[in-house]
Every structure is written in structure tokens, then in C-alpha cells.
There are 2 protein chains.
Amino acid sequence: MVESNRSLTQTIVQDLGLAIVCGTYSAGNPFPIEAELCKHYQVSRSILREAVKMLTSKGLLNARPRQGTWVEPEQSWNLLDPDVLRWLLERKFSLNLLAEFTEVRLAIEPQAAALAAERGSEAQVAQIQRAIERMEAAEVGDDDPLLADIAFHVAVLEASGNRFYARLQDLIDTALRISIRLTNQFKGVAVASVADHRKVLDGILARDPERARAASCALISEAMELIQKVQSESGKTGKGESEKTGP
Amino acid sequence: MVESNRSLTQTIVQDLGLAIVCGTYSAGNPFPIEAELCKHYQVSRSILREAVKMLTSKGLLNARPRQGTWVEPEQSWNLLDPDVLRWLLERKFSLNLLAEFTEVRLAIEPQAAALAAERGSEAQVAQIQRAIERMEAAEVGDDDPLLADIAFHVAVLEASGNRFYARLQDLIDTALRISIRLTNQFKGVAVASVADHRKVLDGILARDPERARAASCALISEAMELIQKVQSESGKTGKGESEKTGP
DNA sequence: TAATATGATAAATCAGACATAATAACTGCT
DNA sequence: AGCAGTTATTATGTCTGATTTATCATATTA
């Protein structure tokens, strides 16, 4: 197990969470009982139970006396929990899921851009502008392109003034990191263009919701097409995807 | 405290979770230390710690030795966790938040309807049809209108084939229940019309994504307008909303 | 004054026990 | 043999008390 400065409980949550979404436990290999897991992780029951409870509250596990602890069906998992999404996307590059998450972004981000144009505060809009400047700096090596990209999308979500939209930032952070890691494997993939991002900012600065929406929509659509392209590529080579779609 | 058949831990999670989102604990009234909460709930430390861990995994709490346990800022809460959303919406009818959540629905559900028209399976579409039939039955008192309404929206989300969309069903279930409870207080509020819902189904049956999208958009927009109407009503009477918008 | 030692506090972790729920095994009867 | 009712087993649920560790406030010392 990986050593870390986190607490024992947190370490076990991460380890077990990843193992669960990777399908380590199934009919043939049922989830172990507390005693076994205690022995495996060399921790007390208290610690292990706390970890299991945390995973239970994310919809991954459930338990009953005498029946033991079991992994809940995938439909019960809180996909929108940052931890859960990260574990899911980290498992051997789950392209299908990344595509589905991008569909969420495609629904939300253009709307967020429109709302930002409509009612974003000066400070919030300035934050978007700053992100664009970081992206420009990144083009000449003065900043990290990935972090600048993330900062842009997060700033737009924040400027929407909708608390649910803003809460997607952890998720988008994760998705973008995975997305980059994924698409970088394939050649011919251009880095997200600053020009296209700037169009969103322009729409917001002009306080033109529809222009902002359209620009954002184009932006995410481009990302979506990229993923689909990778999907067909990996389909041909047979590498990458190995998700089961149900019994 | 309310007696129940749930476990002690679950009972405390619900009680503490609701108290936290209601703002019971703040600067003047800091979150109690473990020992005090144990005394208050009359439970052992194990139970209390498990409950605190569950709330920690939902982003509501955090703890450190010597510093104690504290409530995280609202920006850290997992709004998209079904429990958290329910607690939030249940706290004295949080109209602003309900409006924001409806903005999420406005972004997602039309897209889901379009996807359902595009790639929903026969069985999934049949499920939507069945929900419409339930709504019709409810009109003459042969079914529960709220449950039928929920079944419709859930069926559309399921038919979208996007796992993230499908995961919104718990949240929409909660939101619709609160929404009904809320709007019923005000007269002149017509129950969701079956005709408008059927238009979504028609678009999906015709495999016409844009028609389905437009119909769904109209449906949610109507709900949104209703909420805004109630917002202005309660603004006049001063009742209902009492959310703080920041320090 | 600033770096260092000390002490107090609250969570983190451990160990062992008993209670409870759900199932499996068993008994005794017809 | 076949069923009803009892008992035993098993894994989680809950409790208790103790020890360790991280952090902050204070006091001490150079």
C-alpha cells in the first residue's frame, strides 16, 4: 500500500474506493468481512469501519449484520461525488464515461457562459479574463497550459452565480486532467486553442448571453469530437476501453 | 430526537446533516467536540465518529487533532449528494436554491430528452409512455400525480443512456417533492399538465431529438417561471426565504 | 527578542467486549 | 420423511476505556 501523510482512514478510503470501481470485488470475489480487511490493512476495526462508512455515504457499499458488506450496483454510486468520479476516470482510461461526462459539460457549460454574460459580477468576469491571460502566457511557456485551461472553465462556472454549476469544478478539474492525459497519447491532437476560449470571454464581456453560449458550446463540442475520435481509434486498435455494459 | 428503525449512526448523520445546513453551527456557536456530541446523543464515540466521517465525506465537516471538528464553508459541500440536497431544500423552503437547481434541470433535461429520442431503447421509451399513462390515471384519481410526474422525468433521464443524467433522479425526486409542497401553498397554481409532458414523449416516439428537446425545455421553463412567481410573491410578503448570500 | 521546551487539548488509533440481526443447522414431533 | 419451532453461528452494530499523535498556547531560556 502507498505510504502517505494522510490519515489511515483516508488512505484506506482511497485504496478501497479505487478497488471497488475497478471491479475488484464481484460475485466470484465478494467483498471481505471487516476482520479480513483489518488484517489486510493492519488497522483496528474502528479505522476500517470509518472507511467503510465513508464509502457507504458515497453509495459504493452497504452492510447488514450477518450478511456482511457488499458493493452496491453501479446505479447506486454517487457519480457526481468528486472522489467517485476520479476513481472511475482513473480506472484504465474509461473513455465511455469521459464521453458521458462531456455530455454533461455540453449541457451545463454553455448555459453557465450565458448566465455569466447575463449576471456575472465584474470581479467574476475579471477572473475569466485572468485565466485567458494565463492561457496566453502558457503558449509561450510562462504558465502551465492545463492549469490555465482548468482555471478558465472554473471561472466561467463561478461567474454563472449558480451554486450547482460551481460545484462541478472539482469534477471538471478531474475530467480535464484525465482528458489531457488521454488525448496526449494520440498524435495530431492540438492543444485547446486560446482563440476559441477567448470567444467565450468576448461574449461575456459584451454581456451577450447567446454569443457566450454559442462560443462555449463550440468549445465543448470540439472536446467531445476529440474524445469520439479517440474512441474510434482505440476501438480499431482494441486498446483502452474495456467497460462492461451490463449483464 | 426522532426514533427510527435506522441504525444509530444513520440517525445521527441525518440529524447532524440537517442541523449543519440549517446553519445551527457558526462562529458564535462552534461545532461541538466529540465528547459533547456523544453526551448529547447518548452514544459511544465509535458511533459518533462514524457519523462525522460520513458527513466529512459529503464535504460538510472536517477535523484535526487539537483543533476539533468544524463545518466547512458552503462552497465545499457536495450539493449534488442526494442527502445534502435534501437537507438544503428541506430547510425552511430554500427558494433560491430550488431556482438554481431548476437551472440545472433546464440545462440537462432537454438534452436528455434529445438523447432519448436519438438512442433510447424500445424498453426505455416504453417506460416513459407508461409514466404518461400513470399521469393520465392520476388525473382521474387512479394514481398519485406526484409519483407519476417523478416517474416521467426519471424515465426520460434513464432513456438518455447517460449515466450522469440518470444519477440526477434522486435529486429530481427530492426537488419535485419540495417543489410541489412549496407551490401548493400558493393558489392559482395548476398541476403539471399531462399534455405538455406528452409532447416530450411524442418527440421521442417520433425519434425527433429537436422536437423532444424543445418540448422538454418548455416544460422545465414553465416550472422555472412558477418558482420565480412564488419567489416574487414571498418577496412581497416577506415569508419563506431567509438565505444569507455571503458575509 | 527569538528560538526552544513544556503542557494541554482534541482527534486518531488501538484493543477487547457484548448486543443484535439474519441465516443455517438442528431438534423433536407427527 | 417432512415440517415447526428452537438453537447455534456469523458478521455487523454498539459500547468502554486506554494510548498515541498532531497542534496550539504558554512559558522558558539564550
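In what follows, every chain begins at residue 1, and chains take the letters A, B, ... in the order their sequences are listed. No hydrogens, no waters, no symmetry mates; every other heavy atom, side chains included, goes into these values.
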**Prompt:** Okay, side chain of A/Thr174, backbone of A/Asp170: is any donor-acceptor separation there less than 3.5 Å?
**Reply:** yes

**Item:** Backbone N/O of B/Gln111 and side chain of B/Tyr165: donor-acceptor pair under 3.5 Å
**Value:** no

**Prompt:** Expressed in angstrom and rounded to an integer, what is the separation of A/Glu50 atom CD from C/dA11 atom P?
**Reply:** 12 Å

**Prompt:** How long is the line joining CD1 of A/Ile47 and C1' of C/dA15, in whole Å?
**Reply:** 12 Å

**Item:** Shortest non-hydrogen contact between B/Ala51 and B/Ile12, atoms and distance
**Value:** CB-CG2, 3.7 Å

**Message:** Using only atom types and a distance under 3.5 Å, with no angle test, would you say the side chain of B/Gln124 pairs donor to acceptor with the backbone of B/Ser121?
**Reply:** yes

**Complete:** Residues passing the side-chain hydrogen bond (donor to acceptor under 3.5 Å, both in side chains) test with A/Arg134, sequence neighbours excluded, are A/Asp143

**Partners meeting side-chain contact (heavy atoms from CB on, under 4.5 Å) with A/Val154 (sequence neighbours left out)** = A/Ile150, A/Glu158, A/Gln169

**Request:** For C/dA11, take OP1 and OP2 only and decide whether either is under 4.0 Å from a side-chain N or O of A/Ser7.
**Result:** no

**Asked** Out of curiosity, A/Glu133 CD to A/Asp142 CG, how far, rounded to the nearest 0.5 Å?
**Response** 13.0 Å

Atom pairs, N/O to N/O, protein against nucleotides 19-23 of chain C, distance under 3.5 Å?
from, atom 1, to, atom 2, distance (Å)
C/dT23, O2, A/Arg66, NH1, 3.2

**Fill in**
When every non-hydrogen atom of B/Leu79 is compared with those of B/Leu85, the smallest separation belongs to O-CB, 3.6 Å

**Request:** Over all heavy atoms of both residues, which pair between B/Glu72 and B/Asn62 is shortest? Give the atoms and the distance, please.
**Result:** OE2-CB, 3.4 Å

Output one line per pair: protein atom, nucleotide atom from nucleotides 16-18 of chain C, and distance, for all N/O pairs under 3.5 Å.
from, atom 1, to, atom 2, distance (Å)
C/dA17, N6, A/Arg45, NH1, 3.2

**Item:** Sidechain-backbone polar pair: B/Thr24 side chain, B/Ala19 backbone, donor-acceptor under 3.5 Å
**Value:** yes

**Request:** Indicate yes or no for a side-chain donor-acceptor contact from A/Arg64 to the backbone of A/Thr69 under 3.5 Å, with no hydrogens or angles considered.
**Result:** no

**Request:** Taking all heavy atoms of B/Leu176 and all of B/Arg105, pick out the closest pair and write down the distance.
**Result:** CD2-NH1, 3.6 Å

**Asked** Which parts of residues 28-37 of chain B get close to DNA chain C, meaning a heavy atom less than 4.0 angstrom away?
**Response** B/Ile33, B/Glu34

**Asked** Can you give the first and last nucleotides of DNA chain D, 5' to 3', that have an atom under 4.0 Å from a heavy atom of chain A?
**Response** D/dT9 to D/dT14

**Fill in**
Smallest heavy-atom separation, A/Asp144 atom then A/Ala138 atom, equals C-CB, 4.0 Å

**Fill in**
Rounded to whole Å, the CD-P distance (A/Gln10 to C/dA11) equals 16 Å

